[in-house]
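Everything below concerns the one structure shown next.
All chains are named by letter (A, B, ...) in the order of the sequence lines, taking the proteins before the strands, and each is independently numbered beginning at 1. Quick note: numbers below take in every heavy atom, side chains included, and nothing from hydrogens, waters or symmetry partners.
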Amino acid sequence: MIYLNLFAAFFKIGLFSFGGGYGMIPLIERELAAYNWLTAEQFVQVISVSEMTPGPIAVNSATLVGYRTAGIFGGAVATLGVTLPSLILVLATSHFLYRFKRHPLVQNILMGIKPVVLALIFAAVLFVAQNTLFLGSMNSISALVYQLDPFAAAIMLVSALCLFVFKVNPIIMILASGAAGVALYYMGYM
Amino acid sequence: MNKFGPKWELFFVFFKIGAFTFGGGYAMIPLIQKEVVEKKKWICSADMVDILAISQSFPGAVAINTATIVGYRMGRYAGAICATLGVVLPSFIIITLIGTVFTRILDVGAVRAALRGIGACVVSLLMVAAVRVARGAIKGVLSILVAAGALLLIFWANLHPIYAILMGIGAGLAAYGFNLIKGGKQ
């Protein structure tokens, strides 16, 4: 039954996510919490691994969630689930695919969806920040200040600076941040 | 087309793209353009711009949508399935291999620290993505209100993201209906 649940959950995720893998993060998180498949910390690890491996983030995270939940077959059904909505929708609309984009109805719907996608990505920022930069939850502002992990926050700020201002290649930033984590661990700070 | 036949070539091209691009679907777009437009000359660059726009407006992963559309165009249903399999399989193989090791080394403190450092960097990567999406999404006060409202509802009021998406679709439909009634030009 777990395979069926994994397939259904990721089919739903694939069907309702717009704007690629990042917008999927809050959707996946909701499903993981509903089924108790992974903890928030484990899911953030999944996102980190998905970022540093080649391929689409959506597929990487589906495969890894499925694998960690129910082994290789779990990974296979989750991957199939997240892929099938795309395949079915594109093939079903293939006859009018090229007129589709220019239709005012479609353009209006997309203009409505885009701000929501932006909100989903911000929700993903907050979710990952909550589980890496803070040692506890973000329930109250005072707790937030005390529980901020200064070293994780420093890594975040430096990487933001490098990505936004110096346009450093993301994969180099990921490797450097991982190395910084290991270094801080051996110095006893992380 | 090479000696393996067109379906296999679609599979190989997208397998290569899936196996060697880091940074997710958007990072794949320049590679797909290079392979499909410049190297293989399957699709002209003007059509490719259309295909990319369509694949970003469909639900699901952008890389999968692009592979499916290109595959369908080159070889109908079988082509679509070959290209999609090609772009998905490398991820599946690599992640499964990593998964077997990953679950065993997670107890090592240094590995957790590395992942924590990467997690902090992911926050910044997501902010980069948010800025990119904001450029296309924020058009006027209304879109800012929708984005802020949706964020409040999703993150603090625990609204399921699917309902937020449906509300966005509803807002779009309302705008379309409003324009129809007004009889204004779209």
Side-chain angles (χ1 to χ4, degrees), chain A residues 14 16 18 20-22 26-27 44-45 48 51 53-60 63-64 67 75 79 83 85-87 90 94 101 104-105 108-110 112-116 118-119 121-126 128-129 132 152 155-156 159-160 163 170-171 173-174 177-178 180-182 185 190, chain B residues 18-25 53-54 57 59-65 68-69 72 84 88 90-92 94-96 99 109-110 113-124 126-130 133-134 137 143 146-147 150-151 154-155 161-162 164-165 168-169 171-172 175-176 186:
Chain A
F16 283 99
F18 290 83
Y22 292 130
L27 266 105
V44 171
Q45 289 171 342
S48 299
E51 280 278 1
T53 42
I57 311 284
V59 179
N60 291 346
T63 309
L64 196 49
Y67 182 85
T79 310
T83 310
S86 292
L87 197 64
V90 169
S94 54
K101 182 76 184 32
L105 177 63
N108 271 303
I109 290 175
L110 286 175
I113 290 176
K114 278 178 184 172
V116 179
L118 181 63
I121 296 175
F122 270 117
V125 171
L126 291 172
V128 178
T132 49
I155 294 176
M156 190 279 265
S159 53
L163 291 167
I171 195 72
M173 240 20 261
I174 288 173
S177 304
V182 174
Y185 173 76
M190 195 168 249
Chain B
F20 293 108
T21 21
F22 289 89
I54 294 163
S57 41
V62 177
I64 296 174
N65 291 340
T68 309
I69 299 172
Y72 180 80
T84 308
V88 171
S91 284
F92 179 71
I94 293 167
I95 292 286
T96 304
L115 283 172
R116 216 173 138 73
I118 294 165
C121 179
V122 168
V123 176
S124 303
L126 287 169
M127 291 194 294
V128 173
V133 171
S143 57
V146 171
L151 180 62
I154 294 163
F155 195 74
I162 289 179
I165 290 283
I169 293 174
Y176 180 70
Q186 289 268 335

Considering only heavy atoms and a distance below 4.5 Å, find which of [options] pairs most often with chain B.
options                                : result
A:Val116, A:Ile121, A:Leu110, A:Ile171 : A:Val116
A:Val44, A:Leu27, A:Thr63              : A:Thr63
A:Met156, A:Lys114, A:Met190           : A:Met156
A:Pro56, A:Gly21, A:Gly75, A:Gly14     : A:Pro56
A:Ala180, A:Gly112, A:Pro170           : A:Gly112
A:Ile174, A:Ile113, A:Leu64, A:Asn60   : A:Asn60

Region of [X] that comes under 4.5 Å of a non-hydrogen atom in chain A:
X       : value
B:Ala19 : backbone
B:Ile94 : side chain
B:Thr84 : side chain
B:Tyr72 : side chain

Problem set entry | Flag, side chain of A:Thr132 to backbone of B:Arg116, donor-acceptor distance under 3.5 Å |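 Between the backbone of B:Arg116 and the side chain of A:Thr132 there is no qualifying donor-acceptor contact (under 3.5 Å).
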On a heavy-atom basis, which atom in [X] and which in [Y] lie closest, and how many Å separate them?
X        : Y        : result
B:Ile154 : A:Ala123 : CG2-CB, 4.1 Å
B:Ala175 : A:Asn108 : CB-OD1, 3.8 Å
B:Ile64  : A:Ser86  : CG2-CB, 3.7 Å
B:Ser124 : A:Ser159 : OG-OG, 3.1 Å
A:Ser177 : B:Cys121 : OG-CB, 3.1 Å
A:Val59  : B:Ser91  : CG1-CB, 3.6 Å

Exercise. Which residues satisfy the side chain to side chain donor-acceptor pair (under 3.5 Å) test with B:Thr21, sequence neighbours excluded?
Worked result: none
Problem set entry | Worked verdict on A:Ile109 versus B:Tyr176 for side-chain contact (heavy atoms from CB on, under 4.5 Å) | CA-CA 8 Å; A:Ile109 290 175; B:Tyr176 180 70; over 6 Å; no
Is chain B contacted by the side chain of [X], its backbone, both, or neither, given a heavy-atom distance below 4.5 Å?
X        : answer
A:Tyr67  : side chain
A:Pro26  : both
A:Ala160 : both
A:Thr53  : both

Exercise. For A:Phe16, what residues pass the ring-ring contact (aromatic ring centres under 6.0 Å, His included) criterion, not counting sequence neighbours?
Worked result: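 Scan of A:Phe16 (ring-ring contact (aromatic ring centres under 6.0 Å, His included), adjacent residues dropped) gives none.
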Name the option with the most non-hydrogen atom pairs under 4.5 Å to chain A; the candidates are [options].
options                     : result
B:Ala61, B:Gly24, B:Pro59   : B:Pro59
B:Val146, B:Val123, B:Val88 : B:Val123
B:Ala110, B:Ala150, B:Ala63 : B:Ala110
B:Gly117, B:Ala53, B:Gly18  : B:Gly117
B:Pro90, B:Gly25, B:Ala164  : B:Ala164

For this session: Would you sort out whether A:Thr79 and B:Ile95 count as a side-chain contact (heavy atoms from CB on, under 4.5 Å), showing the intermediate values?
Result: CA-CA 11 Å; A:Thr79 310; B:Ile95 292 286; over 6 Å; no
For this session: Could you give me the CA-CA distance, side-chain angles and deciding distance for B:Asn65 and A:Val90, then say whether side-chain contact (heavy atoms from CB on, under 4.5 Å) is met?
Result: CA-CA 7 Å; B:Asn65 291 340; A:Val90 169; 4.3 Å; yes
